Every structure is written in C-alpha cells, then in structure tokens.
Amino acid sequence: MKKNEDLYKNELAKVVQLEKENIFLYWKGRVALYALLKAIGVGENDEVIIPAFTCVVVPNAIKYLGAKPIYVDIDPNTYNIDVRLLENHISSKTKVIVCQNTFGLSSNLEQIVELAVSHNIFTIEDCTHGFGGVYSEKPNGTFCDAAFYSTQWNKPFSTGIGGFAISHHKKIKDNLITVNVDLLKPSVVNNISLSILYFIREHIMIHQFYWTMLKAYRWLSRHNLVQGSSSGKELTSTTMPANYFKGISKVQIRKGVLNIRSLSNTMLIRKKNAKLYTDYLKKENKLHVSPELFDNHSFLVYPLRVKDKDKIFRLAELRKIPLGDWFCSPIHPVVTCFEQWDLDTGKYPLAQEISSQIINLPTNLSSIEPILSFLEEIKENIVSHSSSIE
Ligand SMILES: Cc1ncc(COP(=O)(O)O)c(C=O)c1O
C-alpha cells in the first residue's frame, strides 16, 4: 500500500507542482474538505463562506463541525462567488472562505484571497472540478491556503469515488497530520464493492445506456445499496453519517495511479470540445463561457443555460445525449427543506435562476458532433446572449 500510495501522491504532486508531503488522501473529496476545516480549527459558531451554487456535501462538512455556512450569490459569468458581494458577508465569526472552481472555471482568486488576507481569514479552493487546470499560471488549487479535489466518477480523472487535499501552509499541514489520525480504514467490503462498481462502469456503462444507468446508480446510492457518491442521509439531514471520516482504500489508489495517466490527453480533448461549443454558441448569439474571463480553463463540463430544462432533459434522454444536471439547486441535489442547511433561497436570486436553467454538456467525448446537432435542434430553447442576467 505504502509504495502505491507514494506513487499516487507523486503523480498528483507533479500536477499541482508541490512536494508529495503536501498531499493528503481521503475516501471522498468532501472528507478532504472536512479534514481541512478541522485542521484550520473551524468549530462551534464559526462561519464559513461558500457560493450559493454548490453541492450539499459542502455545507454538510461545515455543519458537521458545528459551524455555519454563509452563502454568497454567484457571478453569472463565473459560477463562483460574486466578489462584489463578498465583503458584506464577512463577520468577526468568519474563519474560512471557500472559492469554488465551478465546472473547471477558476476565477477572481486574487481578489478573494486579498480580501481574506486583509481580514485574517483562511481560503480553501473547492477544486473538485478543476484538477489539472491552470489559473494565473499556477496549477488550480495552489492559489489559496489549501484546496480539495474529487476523483469521483465524473471528475477530471476518476477513482470511482475519492478525493485529496493539498496545502502548502505549515500550520494546516501539521494539523492535518493530527486530524488524520482519526481516519477510519476502508473495510474489505468497501474495497470489494468499489471493485464491482469499476467492473460495471468499464464493461456495462456504455454511452447508449447513460440515462438508464445514471438513474439506477443514483437510486441505488440514495438507498445505500451501492457505494454511491452520496448516501440518503447526506441529502436529507445535516447529521454526520457513521463512517464518514474515512481514508483512501487500496483499490482507489491503484485506480488513481492508472487513471491519472490519461489526464493530460483528456484535458486537451476537453479544451478542444469547449472551444467548439463556444464557437457554435457565439455564432448563434447564445450565452457562452467567455474565454477572456478565464486564464486556462479546465472544462470539466460545459455550462449551458436553457429556458425549459425539464423539456431538454426529456429530449436528451430520447436522443441518447449524455447531459449533466449540476447544479439543480443552490445546494445540489437538495430541492426542499433548505432551512436545515441555513439557506434562505430567496436571498440568492442569481443562483436560483441559474440552477433552474443550467445543464452541462460533456467535454470528454472524442466527437461532439451528435451534441452539436442536438444544440441545433434545441436552439430556440438556449438562453441568448442579450438576455443574460447581470
Ligand atoms: C462543487 C463540489 N464540491 C464538492 C464535491 C464533493 O466531492 P466528492 O463527491 O468527492 O465528495 C462535489 C461533488 O461533485 C462538488 O461538485
């Protein structure tokens, strides 16, 4: 295990240009966030600022520590915190600001970090979508005090489920070592069920069955019948599930060492496809990702805004087009009982509107011709450039 673990850390270290001693491996990305918050000393009554357009596991990690998530509405161009609103949300209780690299789009980190430093607040980059990309000539995730990444199924490279944290900050690193002493060891059952999932994914989950398999996987994981991304409890309550704080398993490490090799090639494909989407949308005067806003995007997916999301998903399923649904609400995939997560959705109009419109186009396909034809078919439904919300 140790030899493979070192190998894996070395591979990750090369991408983020840090020593392998700055890298910490976990069962999932959310566990890495929880560990980082704990290492920073976040606890009862502290506040952690996050974008109001994220995955529910992010506020969960904060709530598990007794702290409070403070949401900030997003900038419609970057899908990250709107920097202009940030200062108003800082209080004497703020311990951390989480900047989110949504869909692989790093943004405004200089301003966020500068503001955080001036208030003596730590910054963590949620880089779960952005491993392998670059921002202001630095590898994604290295701009803040710390960052966490995900290697779950649809991430830049996959270990099925999985995640890691990085930090170059001495105090955070030292504390992480202490915090990690409590990590649970994945069980034999965990290892076996992950191996079965790898087999299913590699041999059965072919393009044609995308929608059927996606629905089946989500249903099974919600009912805790497979090693899913999120258990039912994580989506319905803010109580920490048993066995949450878990380290990485042998099978994940082995997968990581293998799959990280394809990262640079996948990144080239993602960027090429993203450019094709942008060119098409620009030509049609539709809303698109603005290339000038981002230094060197790592398009995990391509965000597209449509007027009737349900209709587009139904049509995509019929045409066997693999679309993603990040994020269907300000704390995806939760759509009710927001107050449990201290979220008053009425206060975040842009996040609300965007989550009702957004779909994700795949960027990792060798050919996106079928997707471009699909876009042509749904053209009238795509939000146009002039109707963009500011
Ligand atoms: C923005 C964001 N943060 C955190 C996570 C959590 O990552 P993981 O599933 O590895 O725990 C996700 C998962 O997709 C995410 O989209």
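As the structure lists them, so they are numbered: ligands from 1, and atoms in each ligand from 1. Since the structure is predicted, the reported quantities are computational estimates derived from the model, not experimental observations. Values reported hereafter were calculated over all heavy atoms of this structure, with side chains retained and with hydrogens, waters and symmetry mates removed.
Against a heavy-atom cut-off of under 4.0 Å, C55 is close to the following atoms of ligand 1: 2 (C), 12 (C), 15 (C), 16 (O). Near Q100, meaning under 4.0 Å from one of its heavy atoms, ligand 1 places the atoms 1 (C). Shown in contact with V57 at under 4.0 Å from a heavy atom are these atoms of ligand 1, numbered in order with element: 5 (C), 6 (C). Short contacts between ligand 1 and G29, defined as distances under 4.0 Å to a heavy atom of the residue, involve ligand atoms 8 (P), 10 (O), 11 (O). Near V58, with a cut-off below 4.0 Å to any heavy atom, the atoms of ligand 1 are 3 (N), 4 (C). Which parts of ligand 1 touch F327 is read off a 4.0 Å heavy-atom cut-off, strictly below it: atoms 1 (C), 16 (O). Short contacts between ligand 1 and G162, defined as distances under 4.0 Å to a heavy atom of the residue, involve ligand atoms 10 (O).
Using a 4.5 Å heavy-atom threshold, the side chains of Y277 and V289 count as separate. Contact of the T54 side chain with the P59 side chain is registered, since non-hydrogen atoms from C-beta on lie closer than 4.5 Å. The shortest side-chain heavy-atom distance between L37 and Y64 does not fall under the 4.5 Å cut-off.
Across K155, H129, Q152, R30, heavy-atom proximity to atom 13 (C) of ligand 1 is greatest for K155.
Within a 6.0 Å sphere centred on NZ of K311, heavy atoms belonging to other residues, nucleotides or ligands number 12 at most. Crowding of E110 atom CD: a count of heavy atoms from other residues, nucleotides or ligands under 6.0 Å exceeding 12. The 12-atom threshold is not exceeded at CD of E380, counting heavy atoms of other residues, nucleotides or ligands nearer than 6.0 Å.
For T54, no nitrogen or oxygen atom sits less than 3.5 Å from a nitrogen or oxygen atom of ligand 1, counting backbone and side chain alike. At least one N or O atom of S150, backbone or side chain, sits closer than 3.5 Å to an N or O atom of ligand 1.
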Verify ring-ring contact (aromatic ring centres under 6.0 Å, His included) between F131 and F164, making sure each step is shown before the conclusion.
CA-CA 11 Å; F131 181 68; F164 56 98; 5.4 Å; yes
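Heavy atoms of W27 found under 4.0 angstrom from ligand 1: none, in either backbone or side chain. With a heavy-atom cut-off of 4.0 Å, H332 does not touch ligand 1 at all. Neither the backbone nor the side chain of T102 has a heavy atom within less than 4.0 Å of ligand 1.
A salt bridge is absent between D325 and K309; no separation between the charged side-chain nitrogens and carboxylate oxygens falls under 4.0 Å.
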